[in-house]
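All ligand and atom numbering here is 1-based and tracks the order in the structure.
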Amino acid sequence: MQRRKVTPAHVANVTIGAPNPVVVQSMTTTATLDTEASVAQTISLANAGAQLVRLTAQGVQHAANLENIRAGVRAAGVDVPLVADIHFNPAAAFEAAKHVEKVRINPGNFFDPGRTFRKMTFSDSDYAAELEKIRDKFVPFLQLCKENGTALRIGVNHGSLSDRIMSRFGDGAEGMVESAMEYLRICRSEDFNDVVISIKASDVPLMTQTVRLLVGRMAAEGMAYPLHLGVTEAGNALEGRIKSAVGIGSLLIDGIGDTIRVSLSEAPENEIPVARLIVSHCDAVRHSSTKPLGAYGNSRRINRTVDPEQSTLRFEAQGPEAVHAIAKAIDETAGNHPVVMAIRYDDTDFNSLVVKAAVDFGSLLLAGYHDQIEIVSPLLTEDDAEDLSHKIIQAAGLARFQAEIVACPGCGRTLFGLPEALEKVKEACLHLKHLKIAVMGCIVNGPGEMAGADYGYVGAAAGKVSIYRGIECIHKNIDQDTALEALIDLIKADGQWIEKGADND
Ligand code: SF4
């Protein structure tokens, strides 16, 4: 399998797009006005292996300080390109484009106001006029980027589509793809080619389906911009690693994706080894086959009817070719028999095993091979193997074995101890498998990006948290010390609490 052919994007000394290897990147969690801390974390990320480092720039002042951060990083002899992350503030993007090698904008809130879930009605001519307004503002930005040699990422998030887009194209894959395409068409008309595109969601199947849809839509319009892959709000620990490996991995093994970020609600340096494991394993899987696994898409669920009365077949495979070998075996010999898809891992490193199993089984499940999975490894007890399998199946969106936790990685906007808060929420609530619970770092993007969570624990100010039920703020700016209790009390008051160990089916 060859990687998808793209028009490479140049970000200073890093070129994104095949035949260049997949680029691994990360983002700082320091305050962008804290020059010393941001320089130190950027260098630490570069030393850990990040090939691009992103920093949030929420205002013009923050964007301007990127100049000092860049100078500090370069003075230390580190040449990693810097990326400014912009939401809601075009002026900050204009400022940042003068200081860093790449700017990420979010079309959902760059010129459009943040979403309020307001239904808007447009005639075709009204809609065209809206696009003209965007064009008038976006073209000068592209010109500035060209003058400064600054690359661009158009970064769409499912959780921040604008009311304009949602009203016309819906709150799903179609809206996400069109949100990107509107900006890409302007880039193309201006002959601006150093563009990378991302389409992220915390729902893994939605993310992968949407990226595939975007690839097809770009091809249909003669575009081949490189892709940045990631699963947003993936959380931490095993769940975060598995969600990222399933979502990113199922695309990379099919040759889709040119740069990746594994978002973990942990120290950002922890993201790099996971990202590297995903890239190396996916390269090996991709090289083992001549056709994409995802070619069938979810249609296989419909195509193969399983008769539970038939004997169960077990296919066991090993190594990078295991994914395709099992798919082929099911295609050619399973008929309507139930199947156990078993893959043997001889890895002696637990992290490596987790990433490989998540990529392999996640890819099979997302491609529609909805059979039983079995992870064979001397590193795992039976219970561990079952737990890992459950987490992979849940990441692929096929069943719930624990609460769905949505948690952002935090960034320079985060003003409280996000990793610790997330751990406490998980400890208290992970057994509530009927609920989706969000832990988000900031009040600006958090509530919008919570991805349909039932409850949200959202950082509001230094040491302050707001508690949400759906999109409704129930407790505003309460002390972080009392926030978990307030969240649990709210879940109890809503009749949604279940004691640990009680039947929750
Ligand atoms: Fe940063 Fe999290 Fe806020 Fe996103 S939601 S801007 S990652 S703190």
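- Ring geometry, Phe401 versus His390: the interplanar angle falls under 30°, so the pair is classed parallel (tilted spans 30 to 60°).
- Aromatic ring centroids of Phe110 and Phe88 lie 6.0 Å or more apart.
- Not a single heavy atom of Glu449 sits closer than 4.0 Å to an atom of ligand 1.
- For ligand 1 and Thr414, the ligand atoms under 4.0 Å from any heavy atom of the residue are 8 (S).
- Among Leu55, Val53, Thr30, the single residue meeting the side-chain contact (heavy atoms from CB on, under 4.5 Å) criterion with Gln41 is Thr30.
- Of all protein heavy atoms, the one lying nearest to atom 3 (Fe) of ligand 1 is Cys442 SG, 2.3 Å.
- In summary, of the residues considered (Glu266, Arg276, Arg261), a side-chain contact (heavy atoms from CB on, under 4.5 Å) with Glu271 occurs for Arg261 alone.
- Summary of contacts: the protein heavy atom closest to atom 6 (S) of ligand 1 is Asn445 ND2, 3.3 Å.
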**OP:** Dump the intermediate steps for side-chain contact (heavy atoms from CB on, under 4.5 Å) on Leu430 and Glu239, then the final yes or no.
**Re:** CA-CA 11 Å; Leu430 202 59; Glu239 292 87 356; 3.9 Å; yes
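- Taking every non-hydrogen atom of Gly441 and a distance limit under 4.0 Å, the qualifying atoms of ligand 1 come out as 2 (Fe), 8 (S).
- Those atoms of ligand 1 with a heavy atom of Arg413 less than 4.0 angstrom away are 6 (S).
- For the residues Cys411, Gly159, Gly448, the heavy atom positioned nearest atom 1 (Fe) of ligand 1 is part of Cys411.
- Because the distance cut-off is set at 2.8 Å, Cys408 qualifies as a neighbour of atom 2 (Fe) of ligand 1 through one of its N, O or S atoms.
- Side chain to side chain, His228 and Gln25 meet the donor-acceptor criterion of an N or O pair below 3.5 Å.
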